[in-house]
**Student:** 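Below you will find the structure I want to go over with you.
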Amino acid sequence: MNKGGTAAQSSLFEIRTFFIHKGGIPMKYNPKAIEAKWQKHWYESGAFSAEDFSDKPKYYSLVEFPYPSGSGMHVGHIRAYTSLEIVSRKRRMEGYNVLFPIGFDAFGLPTENYAMQQKIHPRKITDENIGIFTDQLKRAGFSFDFDRTVDTTDPGYYKWTQWIFLQLFKKDLAYRSKTHVNYCPSCKVVLSNEESQGGKCDRCGETVVQKEKDVWFLKITEYADRLLEGLKDLDTLPRIKREQENWIGKSVGAEIVFPVNEADESLNVFTTRPDTLFGATFMVIAPEHPLIEKAADHIKNLDAVRQYRKDAQLKSEFERTELSKDKTGVKLEGLTAKNPLSDEDIPIFIADYVMMGYGTGAIMAVPAHDARDYEFAKTYGLSVREVIQGGDIEKEAYTDVEEGVLINSGFLNGLSVAEAIEKTIEHVVEEGIGEKAVNFKMKDWAFNRQRYWGEPIPIVHCDACGMVPVPEEDLPVELPGTDQDIRNIEPGAEGESPLASIDAFVHTTCPKCGKAARRETDTMPQWAGSSWYFLRYTDPGNDEALADYEKLQYWLPVDWYNGGMEHVTRHVIYSRFWHQFLYDIGVVPTKEPYKKRTAQGLILGPDGDKMSKSKGNVVNPMETIDFYGADTLRLYILFIGDYEQPTPWSETGVKGSRRFLERVWKLQHNVDAAHEDDKALLIELNKTIKGVDEDIENTKFNTAISKLMTFVNEALQREKISKTTFETLLRLLNPFAPHMAEELNELIGNTQSLVHAPFPTVDETLLEEEKVTIVLQVNGKVRDKVDTAKDQEKDALEQIALESERVKQFTEGKTIHKVIVVPNKLVNVVAK
RNA sequence: GCCAGCGUGGCGGAAUUGGUAGACGCGUCAGACUCAAAAUCUGAUGGGGUUCGCUCCGUGUCGGUUCGAGUCCGACCGCUGGUACCA
């Protein structure tokens with residue numbers, strides 16, 4: 001056990017016992033009672049219901065819906081939700097009609113694995129977990145509209161996930177193809193490249209192997225350019241944008257044709273550096289490249305070539321990319337290509353440093369100006385021709401594109417790289433041997449798994465008609481079996497879907513010709529249901545459409561979407577892809593789904609390591625709620641540090657937040673309705689309003705809270721404060737610690753809940769009257785400070801500085817060269 | 001390797017456009033209350049020196065620009081995240 005974890009249980013945090021008498025009842029801060037009371041009040045009165053088509057301006061705040069795992073809520077969930085919880089509560093107070101929904105992304109492997117282990121149907125487990133999660137969310141006091149909850153595993157929901165798939169299929173954006181896939185022998189599941197990073201299965205850590213399979217793909221690459229384009233209007237951190245851009249990975253260049261001399265074939269290559277074409281001294285093709293079989297008759301060392309290809313296929317993706325940094329390859333004896341510009345005959349190699357999956361699977365190798373080609377050329381003693389002057393190609397490849405000048409390149413000589421790229425493209429287009437080309441790193445989205453707990457893909461395979469979509473009126477294609485029967489979920493043999501062994505599911509009739517046919521047995525990946533859930537919140541019960549168009553029109557786009565940094569690429573891009581597609585077919589009214597995207601930082605364990613069960617440093621937020629209260633937890637989790645930065649959890653830090661709440665509680669006894677506050681306090685209050693307001697908008701929740709603390713400390717210095725000042729404080733506090741704010745608001749005699757009470761506004765005239773401290777420096781060092789009125793003239797400030805005794809002391813015997821005056825800030829006297 | 005972010009007290013972290021470095025919180029120390037402890041309240045708390053007036057040093061390292069640099073520029077070191085023979 002770690003220090004932090006046990007501290008919560010062992011070091012008893014004594015609640016300050018402190019009584020007042022109000023109607024003879026002793027009152028102390030008792031979060032348990034207060035929180036239960038207000039949660040009941042809010043949730044039973046529908047205080048957080050979003051109203052369709054209200055006249056108020058709408059605000060849609062969205063947090064990533066959770067996977068309802070058996071272990072319940074994690075502190076990470078609390079951090080992820082609390083930001084927009086604050087914003088949503090503030091928006092309601094500002095008069096907005098707020099949609100702040102929650103739901104459950106409940107399909108997925110952990111539930112299914114647990115189901116098989118415990119012999120309980122995943123439906124049952126899911127329902128139980130959702131129940132636990134909902135209860136926990138309410139105990140944190142989150143202001144979600146629980147009437148709009150969605151569950152991706154509900155047939156009423158996945159009917160529409162399947163419907164969207166059918167639309168994609170009809171537009172040829174969903175297709176089946178045989179390819180080598182990453183396969184996890186332990187999970188018996190096909191994995192995407194992202195799920196098998198480092199050659200290990202994302203879920204279980206088993207080594208991934210390559211397997212040939214029929215796989216469903218969604219043609220996301222067709223939307224690559226638009227996904228990139230749409231980022232321009234997304235309000236988000238530069239790094240969030242960058243990560244998406246990198247993931248899409250657009251590169252611009254040319255595709256150029258190299259004729260093969262001995263056979264009636266040619267090799268197309270993609271290059272971003274057409275300017276180096278004269279320097280292409282050999283070619284490299286991927287081991288899987290079709291040329292090998294097409295021109296097999298001409299290859300003299302076919303056995304060696306095939307052996308190399310076989311070896312390459314045996315290597316996992318991991319070995320190919322991570323381990324074998326040394327370049328290997330085999331020359332295709334008997335085949336040569338012609339460099340279309342230099343007219344030279346150049347050798348062709350197969351080598352596994354060229355990937356079939358990127359570009360054309362073939363490259364023109366320019367060893368003088370590409371580090372990889374250089375290494376390969378050195379290993380095999382191939383010629384290196386310098387075509388860009390500026391580096392030292394005896395030592396290394398010269399890859400600079402800014403400084404270099406073209407040489408040894410005929411009509412390109414003397415040009416800069418940029419000019420040469422343009423001119424080469426022009427030339428190859430004229431000659432008909434190439435064209436401008438764009439390539440994307442992003443690949444089509446592998447869209448299937450061989451597991452039970454997912455949306456069945458609504459396709460029927462008919463011997464006569466081929467792949468036939470299930471008619472829309474027959475949706476949803478429901479998962480077979482009852483929630484009593486768990487035999488159905490056991491994985492099939494050889495990585496087949498469990499559904500494949502359920503005859504009643506598989507055997508059907510073709511919707512087109514009526515003959516016997518088989519259902520598709522693969523299910524969709526977990527990303528499916530989460531790619532459109534935010535649309536469903538606008539109209540969760542609709543059985544005629546995924547959501548009513550007018551409701552979508554009212555609520556979209558999502559004004560602010562917060563979630564994990566880890567979802568910025570996959571989930572956000574996938575959902576943007578679906579959204580753009582739905583826009584194209586007229587189902588949704590906006591081109592892009594999200595206006596603004598933020599991402600919270602990780603909460604680390606008290607030891608500073610990533611929280612994990614194996615390290616035993618996991619903090620359970622519900623224990624904190626039980627011990628200190630939900631208000632303390634909410635406050636602490638935001639106060640802990642910069643919202644977007646990772647920060648370790650600290651048990652003593654939690655105590656500090658509780659202490660602050662105790663001080664606010666105590667402040668109620670200083671409230672006197674007849675009292676008038678001094679100006680200094682009012683100025684402080686208005687500074688606090690301004691600061692808290694701005695900080696919330698800028699996700700600087702930690703400094704917002706510190707400003708509230710500063711004000712409370714200041715207010716506690718007074719014997720009495722006015723009722724209005726206290727009310728204002730409570731309204732500022734309300735988004736953060738709503739239970740306490742509501743309770744105190746009631747205790748001082750108010751009957752209206754704070755949910756829709758106006759958020760305080762700043763009295764600017766008071767801020768004008770604030771005094772400022774002017775710093776007096778001599779040669780850049782602080783020597784004195786004076787308090788003056790705001791916005792004094794420069795001359796007056798200079799005068800004040802020169803009259804200061806301290807300034808005189810440090811300038812004595814020196815000549816004053818100049819005086820720098822920064823209004824409201826400082827005066828710097830430069831003397832020598 | 002490439003891209004992005006970060007580096008500030010014992011700790012979490014604050015510092016508009018370059019303008020009082022260390023807000024706020026934790027911890028620690030001292031005092032008050034108590035028989036005592038806890039809780040609470042008050043005060044101190046970057047380091048060195050000090051005649052207790054002050055003074056010098058200090059934001060990863062080195063250099064630069066500036067009246068003035070945590071902030072800007074250049075070079076480097078370290079950490080975190082993303083990505084990777086991407087042609």
Side-chain angles (χ1 to χ4, degrees), chain A residues 11-18 194 197 237-247 249-251 253 269-273 276 284 286 320-322 324-327 351-355 357-366 370-373 375-376 439-443 565-566 568-569 601-602 608 610 635-636 639-642 644-657 659-660 662-663 666 694 700 702-710 713 716 773-785 806 817-822 824-831:
Chain A
S11 83
L12 278 179
F13 179 73
E14 291 293 328
I15 294 163
R16 178 166 149 68
T17 46
F18 169 92
E194 297 83 49
Q197 276 170 19
L237 286 179
R239 67 185 175 122
I240 292 180
K241 226 171 256 197
R242 286 295 300 173
E243 244 172 64
Q244 295 194 45
E245 283 166 3
N246 289 342
W247 201 74
K250 180 176 183 170
S251 43
V269 302
F270 173 73
T271 177
T272 55
R273 295 291 307 276
T276 61
V284 184
R320 268 184 80 164
T321 58
E322 300 288 327
S324 56
K325 290 291 180 192
D326 289 335
K327 304 275 180 292
D352 63 4
Y353 81 92
V354 171
M355 305 287 152
Y358 185 80
T360 60
I363 62 162
M364 62 176 212
V366 185
D370 181 285
R372 294 152 300 174
D373 298 344
E375 201 189 317
F376 191 80
N439 237 293
F440 293 95
K441 230 188 303 194
M442 186 171 70
K443 303 199 178 95
M565 198 62 212
E566 69 276 22
V568 158
T569 47
L602 226 52
K610 213 168 175 168
L635 208 61
Y636 173 66
F639 185 63
I640 192 166
D642 187 292
E644 294 172 338
Q645 230 49 57
T647 320
W649 178 269
S650 149
E651 198 60 36
T652 52
V654 180
K655 254 197 306 205
S657 296
R659 274 188 208 148
F660 165 67
E662 296 278 356
R663 287 204 299 276
K666 192 170 112 178
E694 288 173 357
K700 298 293 176 197
N702 53 339
T703 51
I705 292 166
S706 85
K707 279 161 194 162
L708 287 170
M709 288 172 166
T710 305
N713 290 346
L716 278 169
T773 305
I774 303 289
V775 172
L776 307 182
Q777 298 181 331
V778 177
N779 293 333
K781 286 195 174 165
V782 181
R783 296 303 182 186
D784 203 359
K785 295 169 192 181
R806 295 270 304 145
H817 285 264
K818 59 175 160 178
V819 179
I820 288 136
V821 182
V822 183
N824 295 329
K825 287 278 183 193
L826 60 71
V827 181
N828 187 13
V829 180
V830 185

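Each chain gets a letter, A, B and so on, in the order its sequence line appears, and its residues count up from 1.
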**Student:** Indicate, with a heavy-atom threshold strictly under 4.0 Å, whether A:Asp642 touches base, sugar-phosphate, or nothing.
**Tutor:**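 Sugar-phosphate contact only - A:Asp642 comes under 4.0 Å of backbone atoms but never of a base.
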
**Student:** Find every protein N or O atom lying less than 3.5 Å from an N or O atom of nucleotides 56-59 of chain B, and list the pairs.
**Tutor:**
| residue | atom | partner | partner atom | Å |
| --- | --- | --- | --- | --- |
| B:C57 | OP2 | A:Lys781 | NZ | 3.3 |

**Student:** Please report the closest heavy-atom contact between A:Ala351 and A:Phe376, naming both atoms and the distance.
**Tutor:**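 A:Ala351 and A:Phe376 have their closest heavy atoms at CB-CE1, 3.8 Å.
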
**Student:** Any side-chain heavy atom of A:Phe639 within less than 4.5 Å of one from A:Phe660?
**Tutor:**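 A side-chain contact under 4.5 Å is absent here.
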
**Student:** Is the phosphate of B:C86 approached by A:Arg372 (side-chain N or O, under 4.0 Å from OP1 or OP2)?
**Tutor:**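 Yes, because at least one side-chain N or O of A:Arg372 sits under 4.0 Å from OP1 or OP2 of B:C86.
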
**Student:** With the side chain of A:Lys327 defined as its heavy atoms from C-beta on, choose the nearest nucleotide among B:C85, B:C3, B:G27.
**Tutor:**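 Ranking B:C85, B:C3, B:G27 by closest atom to the A:Lys327 side chain puts B:C85 first.
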
**Student:** With a 4.5 Å limit on heavy-atom distance, are the side chains of A:Asp370 and A:Arg273 in contact?
**Tutor:**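 No, every pair of side-chain atoms sits at 4.5 Å or beyond.
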
**Student:** Contact between A:Val775 and A:Val827 at the side-chain level, heavy atoms closer than 4.5 Å - yes or no?
**Tutor:** no

**Student:** Quick one: does any side-chain atom of A:Asp373 pair with a main-chain N or O of A:Val366 as donor and acceptor, under 3.5 Å?
**Tutor:**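 Side chain of A:Asp373 to backbone of A:Val366, a donor-acceptor pair under 3.5 Å: yes, one is there.
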
**Student:** Would you call A:Ile363 and A:Tyr353 a side-chain contact if the rule is heavy atoms closer than 4.5 Å?
**Tutor:** yes

**Student:** Answer with base, sugar-phosphate or nothing: what part of the nucleic acid does A:Asp370 contact at a heavy-atom distance below 4.0 Å?
**Tutor:** nothing

**Student:** Between N or O atoms, less than 3.5 Å apart, protein on one side and nucleotides 23-25 of chain B on the other: list the pairs.
**Tutor:**
| residue | atom | partner | partner atom | Å |
| --- | --- | --- | --- | --- |
| B:G25 | OP1 | A:Arg663 | NH2 | 3.4 |
| B:G25 | OP1 | A:Asn713 | ND2 | 3.1 |

**Student:** Provide the distance between the two C1' atoms, one in B:G7 and one in B:G70, to the nearest whole Å.
**Tutor:**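 So the two C1' atoms sit 11 Å from each other.
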
**Student:** Touch check for A:Ile640, heavy atoms < 4.0 angstrom, all strands: base, sugar-phosphate only, or nothing?
**Tutor:**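 Counting heavy atoms under 4.0 Å across all strands, the contact made by A:Ile640 is with sugar-phosphate only.
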
**Student:** Using the C1' atom as the reference point in each nucleotide, state the distance between B:C76 and B:G49 in Å, no decimals.
**Tutor:**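 Here B:C76 and B:G49 have their C1' atoms 33 Å from each other.
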
**Student:** Using side-chain heavy atoms (C-beta onward) and a distance below 4.5 Å, is A:Val830 in contact with A:Asn779?
**Tutor:**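 The answer is yes, as the side chains (C-beta and beyond) meet within the 4.5 Å cut-off.
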
**Student:** Could you pull out the closest heavy-atom pair between A:Val269 and A:Thr360, with the gap in Å?
**Tutor:**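 Closest pair (atom of A:Val269, atom of A:Thr360, distance): CA-OG1, 3.5 Å.
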
**Student:** Below 3.5 Å between N/O atoms, which protein atoms pair up with nucleotides 20-22 of chain B? Just atom names and distances, please.
**Tutor:**
| residue | atom | partner | partner atom | Å |
| --- | --- | --- | --- | --- |
| B:U20 | O2 | A:Lys785 | NZ | 2.7 |

**Student:** Taking all heavy atoms of A:Tyr636 and all of A:Pro648, pick out the closest pair and write down the distance.
**Tutor:**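 For A:Tyr636 and A:Pro648, the tightest heavy-atom pair comes out as OH-O, 4.1 Å.
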
**Student:** Please map the stems of RNA chain B, keeping only stretches of three or more Watson-Crick or G-U wobble pairs with both distances under 3.5 angstrom.
**Tutor:**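 Counting only runs of 3 or more consecutive pairs, the stems involving RNA chain B are B:1-7 with B:77-83, B:10-12 with B:24-26, B:27-32 with B:40-45, B:46-49 with B:54-57, B:60-64 with B:72-76.
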
**Student:** Taking atom C1' in both B:G78 and B:A84, what distance in whole Å separates the two?
**Tutor:**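 Their C1' atoms lie roughly 22 Å apart.
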
**Student:** Which heavy atom of A:Val284 sits nearest a heavy atom of A:Ala365, and at what distance?
**Tutor:**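 So the minimum-distance heavy-atom pair works out to CG2-CB, 4.3 Å.
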
**Student:** What pairs with A:Lys241 under side chain to side chain contact (heavy atoms under 4.5 Å, CB included), at least two apart in sequence or on another chain?
**Tutor:**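 Here the qualifying residues are A:Leu231, A:Thr236, A:Glu245.
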
**Student:** Measure from the side-chain heavy atoms of A:Arg806 and tell me the nearest of B:C3, B:A87, B:C54.
**Tutor:** B:C54

**Student:** Assign A:Pro238 to base, sugar-phosphate, or nothing according to its heavy-atom contacts below 4.0 angstrom with the strands shown.
**Tutor:**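 Counting heavy atoms under 4.0 Å across all strands, no contact is made by A:Pro238.
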
**Student:** For A:Ser650, report the nucleic acid contact type (base, sugar-phosphate, nothing); a contact means any heavy atom under 4.0 Å.
**Tutor:**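 Nothing: the residue A:Ser650, judged by heavy atoms under 4.0 Å, touches no strand.
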
**Student:** Sequence neighbours left out, what passes side chain to side chain contact (heavy atoms under 4.5 Å, CB included) with A:Glu243? Give chain and number order.
**Tutor:** A:Met565, A:Val568, A:Thr569

